[in-house]
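To keep things clear, I will list the structure first and then write my remarks on it.
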Amino acid sequence: MDIKSKVIELIEEVSEIKNIKPMIERSELLEDLGINSMVFISLVVEVENEFGVEFDDDNLDYRDFDTVTSICDYINTLLL
Amino acid sequence: MKKLLVNAEPYIRTYTQYAYPDMVMNNEITNGDLMVKAVISDVFDERWEKDAHEAIIELDERLLTVYENHKTANRNKHIYRKLEPNDEMIVRIDYQQFTNVYDSVGLFVDKSIHNLENHSKMSAVIGNFCTNYLMSFFDGIYTHISGVGDEKEYPIWLKIKNNGDNIEAFYALNKNEWISAGKKEIDFIYDDNEYIIGLFISMKDRQYYKWLFNNYIHICLDVKDASPMRFCKLMKRDSKNYSIHPLIKFSSDNYRVLGEYGIDLWKFIKSNINCKRYVEVYLNEKFVPGLEAYKKYDRNHESLVYGYDDEMEKIHISSIYQGKPIFISISKDKFEKAYLMAGARRISIYELYPNDTPYEFDIRGIVKQLNDYLSGVNPTTYNNHFITQEKEIFGIDCYNEILRNENTKNIFLSDIRISFLLTEHKKCMKDRIDYLIYKEYLSREECSTIIELINIAYKKSKKILNMILKLQKSKDDSIAERIWDTLKDVREYEIACYGQLISLLEKNVE
């Protein structure tokens, strides 16, 4: 499974929104998906466990990531 | 159905006692640069003169728009022309800002421009005063126009007409029904008339902002308290710390009439809303659909009632849900049950009612408050002859208190409200520094380091908030150590920032 598919799966898990894929196809914006600071931090913790990476403390603000892709891009930089 | 204005995104949300006043006072009639919008029956042309006192007045055909000029002193503004032998002027007031009890807009006739600073001395005045009544003045004798009162909504029509020596003022809440507001005879001289007719705008220079930005918001901490960190104000009673405010009247007594006079809650709510009074009421949220505790557990907390729907028998309330305000409509029966099931049947009334007190912007007072903050001084000691002295830890010492031992550290890590409030405090301080620059007490150039320091302190305090959220989710103890380092950084940046700010303000005051 690629990074994006896994992240979408984790978003579905932490946001408790069922069947989030069609929503993401319409809009990738985290704001449109109802991601707030609490949900985002839960996602960070799940991503860290899943990919064995650690978000920098300066990158924990959900407003720094506007889309699902921007989160995936950041995970990619951590995996390098 | 009636709904009062509320700001859906109040600035301070840590506790409801901060969020609700902001919902009430920071709405579209107290905020923004637009002061007045009106349309007149005449056309603004070369006959017209302006006595604007630097206010930004735009005239476009018949449309008058007045904007705030922050340098403008408390002066009345006038737009006028010569009175014709048979003249008539109508104004439709579409919008009027409301930040002072004497704010008013209206029409006047007078013999010269010499009385422009004092409407009560004018020959004829009809004006809309923000305290929700219309008034007319004829040679200093004023009349409150009754029957208009609290139900008055914009637009409002005012008219002055003369027929030679006879002059009469009118108002209308519906443009087709003019009601006389008084008349008189004047000594109109047809050949050499001195009389003028026009509009006056009396807006009182944002007293509220001077009051607000005089207050260098202080923080205090008591780790043993149910609300461990809070903003400290001088006045506090019954656990509420907003007893004095230039825009809002608070009252917490009149709920007693419910029991004493057998008035039911629904009627009480409706009559208050009809009089433009917001009602803060304790509800047991176990009985309030849409709130976190609904059908789960007892939780008695404040909600703000801002409207009702007679037909549907619903009450519109705002509550705080997961740190954010939400807006709910609840049936009157459920509302009553939630009220009766709440332990404390306490009701507070908020009324948007700006006072007439002039506030001076006090740089020396600000320097003193900043020094107090950096020294951890308890400001309630200055007024302990009339208020209870508070015992908490104040100002910069709050950081030391948090870092004092494992117990205090654990409270900080487990209660997110403390770090949330610390972040809001930095945001408030950023705004205060911006205000000093905006009002030209300081220049942006000389403040560049101060701005940089407060921005870093704000950014780091937000970082702490996120790290605590992460720690609570992940239980990774190594985060805690980094939190303490960042907290010490915030303290040092604040000390450096306010130290430089004090030096600069002191230099400029001299």
(request) Would you mind checking which part of B/Lys462 comes under 4.5 Å of any heavy atom in chain A, side chain (CB onward), backbone (N, CA, C, O), both or neither? (result)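 Answer is side chain: those atoms of B/Lys462 sit under 4.5 Å from chain A.
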(message) Using heavy-atom distances under 4.5 Å, tell me whether B/Lys459 contacts chain A through its side chain, its backbone, both, or neither.
(response)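 For B/Lys459, there is no contact with chain A at all, as no heavy atom is under 4.5 Å.
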(message) Ignoring hydrogens, what is the shortest heavy-atom contact between B/Pro289 and B/Ile330? Give both atom names and the distance.
(response)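 Reported closest heavy-atom pair: CD-CD1, 4.2 Å.
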(message) Taking side chain as everything from C-beta outward and backbone as N, CA, C, O, which of these in A/Glu48 sits under 4.5 Å from a heavy atom of chain B? Side chain, backbone, both or neither.
(response)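 Contact with chain B: side chain only.
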(message) Does any backbone or side-chain atom of A/Asn59 lie under 4.5 Å from a heavy atom of chain B? Answer side chain, backbone, both or neither.
(response)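 A/Asn59 has no heavy atom closer than 4.5 Å to chain B.
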(message) I want to check something: taking the side chain as every heavy atom from C-beta on, are A/Val53 and A/Tyr74 in contact at a cut-off of under 4.5 Å?
(response)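 Heavy-atom side-chain distance check fails, nothing below 4.5 Å.
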(request) Evaluate the ring planes of B/Tyr306 and B/His316, with Trp represented by its six-membered ring, and classify them as parallel (under 30°), tilted (30 to 60°) or perpendicular (over 60°). (result)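 If you compare the ring of B/Tyr306 with that of B/His316, the planes turn out tilted.
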(message) Using 30° and 60° as the class boundaries, would you call the ring planes of A/Phe40 and A/Phe55 parallel, tilted or perpendicular?
(response)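 A/Phe40 vs A/Phe55 ring planes: perpendicular.
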